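The block underneath contains the structure these notes are about, expressed in structure tokens.
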Amino acid sequence: MGKYVLLGIDMANVFNGKLELISANQVPGQSTLWDIVANFTDALGVFYANDVMVGDIIYNDGTSINLGLLRYSIVIVDGRTTFSKLYARVTWDFTGNDINEPLCGFEAFIGRALLGTVYLPSTTVQLVSEGFIQYARNVEAWMLAKYSYINRAFNGSYTGVRDGKNTVFTLMDDVLPGTMVFEYNGIEQQLGIDYTICNNIITVRLPPNPQDKLTFDYNRA
């Protein structure tokens with residue numbers, strides 16, 4: 001993608017545009033993937049649909065039907081994409097939230113986000129309502145805080161005996177989904193294979209003995 005500067009802003013870092021979702025079809029057998037078609041508008045004509053990249057985030061406004069902000073990450077940009085129309089595959093990108101399909105006919109825009117930080121130009125540039133953009137900013141700030149270093153528990157405290165029989169351990173905090181790093185004697189364990197998580201309850205496959213060391217690093221929910 002080209003690098004643009006507008007009004008002193010590095011537009012390569014604030015890529016953004018309004019979307020009008022035309023269709024969203026769930027990928028067969030995949031509960032979190034959809035193939036979408038959407039019209040793309042950048043009022044200044046600085047960006048086009050074929051500037052969209054894998055990893056860009058689509059924000060879809062579901063507040064009017066009590067779904068809040070819907071967030072999707074682009075995993076494939078289809079070769080049929082033109083200047084004004086986007087063909088892409090997206091995945092649900094709100095870990096821990098109920099999965100919802102993209103809403104056609106509802107306000108949406110696309111941005112470039114990293115670890116909760118989204119760069120957005122003015123609403124007058126992108127023809128997206130100020131309230132919706134501010135809501136997206138607030139959600140991104142919340143996500144950034146939740147996934148931040150400050151919110152991380154390193155070698156988190158737990159209860160549960162290591163007697164060669166017990167497999168259930170209770171952490172001090174609920175675990176933010178997708179953030180757990182669990183090591184058993186220094187070897188990282190695989191979620192769903194070596195252990196499971198339910199809120200703050202960890203169930204391990206191999207019951208540890210008194211000499212075994214369990215280490216839980218995670219972000220608090």
Side-chain angles (χ1 to χ4, degrees), residues 15-43 47-120 123 126-147 174-179 191-192 196-199 219 221:
F15 166 79
N16 198 303
K18 182 176 180 179
L19 289 183
E20 295 175 350
L21 288 163
I22 300 171
S23 67
N25 298 306
Q26 193 169 42
V27 177
Q30 302 292 327
S31 63
T32 62
L33 290 174
W34 293 267
D35 288 324
I36 66 160
V37 180
N39 290 325
F40 179 93
T41 304
D42 169 14
F47 296 114
Y48 302 97
N50 51 12
D51 286 314
V52 173
M53 297 169 58
V54 170
D56 287 344
I57 303 296
I58 290 175
Y59 301 88
N60 199 184
D61 187 5
T63 55
S64 64
I65 54 175
N66 298 317
L67 292 179
L69 181 71
L70 309 181
R71 191 180 193 274
Y72 308 89
S73 177
I74 292 183
V75 294
I76 296 174
V77 179
D78 192 288
R80 293 174 293 170
T81 294
T82 64
F83 279 8
S84 60
K85 185 165 291 185
L86 173 66
Y87 293 82
R89 178 165 293 182
V90 303
T91 186
W92 177 248
D93 200 45
F94 250 155
T95 303
N97 290 47
D98 292 336
I99 298 170
N100 290 285
E101 65 178 298
L103 300 174
C104 297
F106 291 71
E107 192 167 30
F109 68 91
I110 184 169
R112 196 149 287 163
L114 177 64
L115 293 179
T117 302
V118 61
Y119 302 93
L120 305 173
T123 56
Q126 301 305 338
L127 303 178
V128 178
S129 67
E130 183 178 352
F132 180 30
I133 282 190
Q134 187 57 53
Y135 183 34
R137 281 195 176 109
N138 291 343
V139 170
E140 290 295 325
W142 169 79
M143 290 179 63
L144 179 61
K146 296 267 289 188
Y147 285 90
D174 286 355
V175 176
L176 183 64
T179 67
L191 179 63
T196 59
I197 301 175
C198 182
N199 297 324
N219 279 52

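The residues of the chain are indexed from 1 along the displayed sequence. All figures in this text were calculated on a predicted structure; none of them were measured in a lab.
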Report summary line: Minimal heavy-atom distance between Ile36 and Ala24, with the atoms involved, is CG2-CB, 4.1 Å
Query raised in the report: Can you tell me how far the NZ atom of Lys85 sits from the CG atom of Asp78, to the nearest 0.5 Å?
Result: 12.5 Å
Query raised in the report: Closest heavy-atom contact between Tyr59 and Ala136?
Result: CD2-CB, 4.2 Å
**Report entry** Atom pair CG (Asp51) and CZ (Phe83), whose distance is rounded to the nearest 0.5 Å
**Finding:** 8.5 Å
**Report entry** For the student: nearest non-hydrogen atoms of Val52 and Val77, plus distance
**Finding:** O-CG2, 3.9 Å
Report summary line: The reported gap from CG in Asp56 to CD1 in Ile74 (rounded to nearest 0.5 angstrom) is 5.5 Å
Query raised in the report: So, do Phe106 and Leu70 sit near enough that their side-chain heavy atoms are less than 4.5 Å apart?
Result: no
Query raised in the report: Is there a donor-acceptor pair under 3.5 Å between the side chain of Asp93 and the backbone N or O of Thr91?
Result: no
Requested in this report: Determine yes or no for a side-chain-to-main-chain donor-acceptor pair under 3.5 angstrom, with Asn39 supplying the side chain and Glu20 the backbone.
Outcome: no
Query raised in the report: Which pairs with one or both residues in residues 23-36 pass side chain to side chain donor-acceptor pair (under 3.5 Å), sequence neighbours excluded?
Result: Asp35-Arg89
Query - Nearest-0.5 Å distance that lies between atom OH in Tyr72 and atom CD1 in Ile99 - result: 10.0 Å
Query raised in the report: Side chain of Asn60, backbone of Leu103: donor and acceptor closer than 3.5 Å?
Result: yes
Query - Nearest atoms (heavy-atom pairs only) where Val128 meets Lys18 - result: CG2-CB, 3.9 Å
Query raised in the report: Among all residues two or more places apart in sequence or in another chain, which pass the side chain to side chain donor-acceptor pair (under 3.5 Å) test with Glu107?
Result: Ser129
Query - Atom of Ala108, atom of Leu21 and distance for their closest heavy-atom approach - result: CB-CD1, 4.4 Å
Report task. Take the angle between the ring planes of Phe109 and Phe132 and call it parallel below 30°, perpendicular above 60°, tilted in between. Result -> perpendicular
Query raised in the report: Going from CG on Leu67 to CG on Asn100, what distance comes out if it is rounded to the nearest 0.5 angstrom?
Result: 4.5 Å
Report summary line: Residues passing the salt bridge (Lys or Arg N to Asp or Glu O under 4.0 Å) test with Asp61, sequence neighbours excluded, are none
**Report entry** Separation between CD1 of Ile197 and OG1 of Thr179, rounded to the nearest 0.5 Å
**Finding:** 7.5 Å
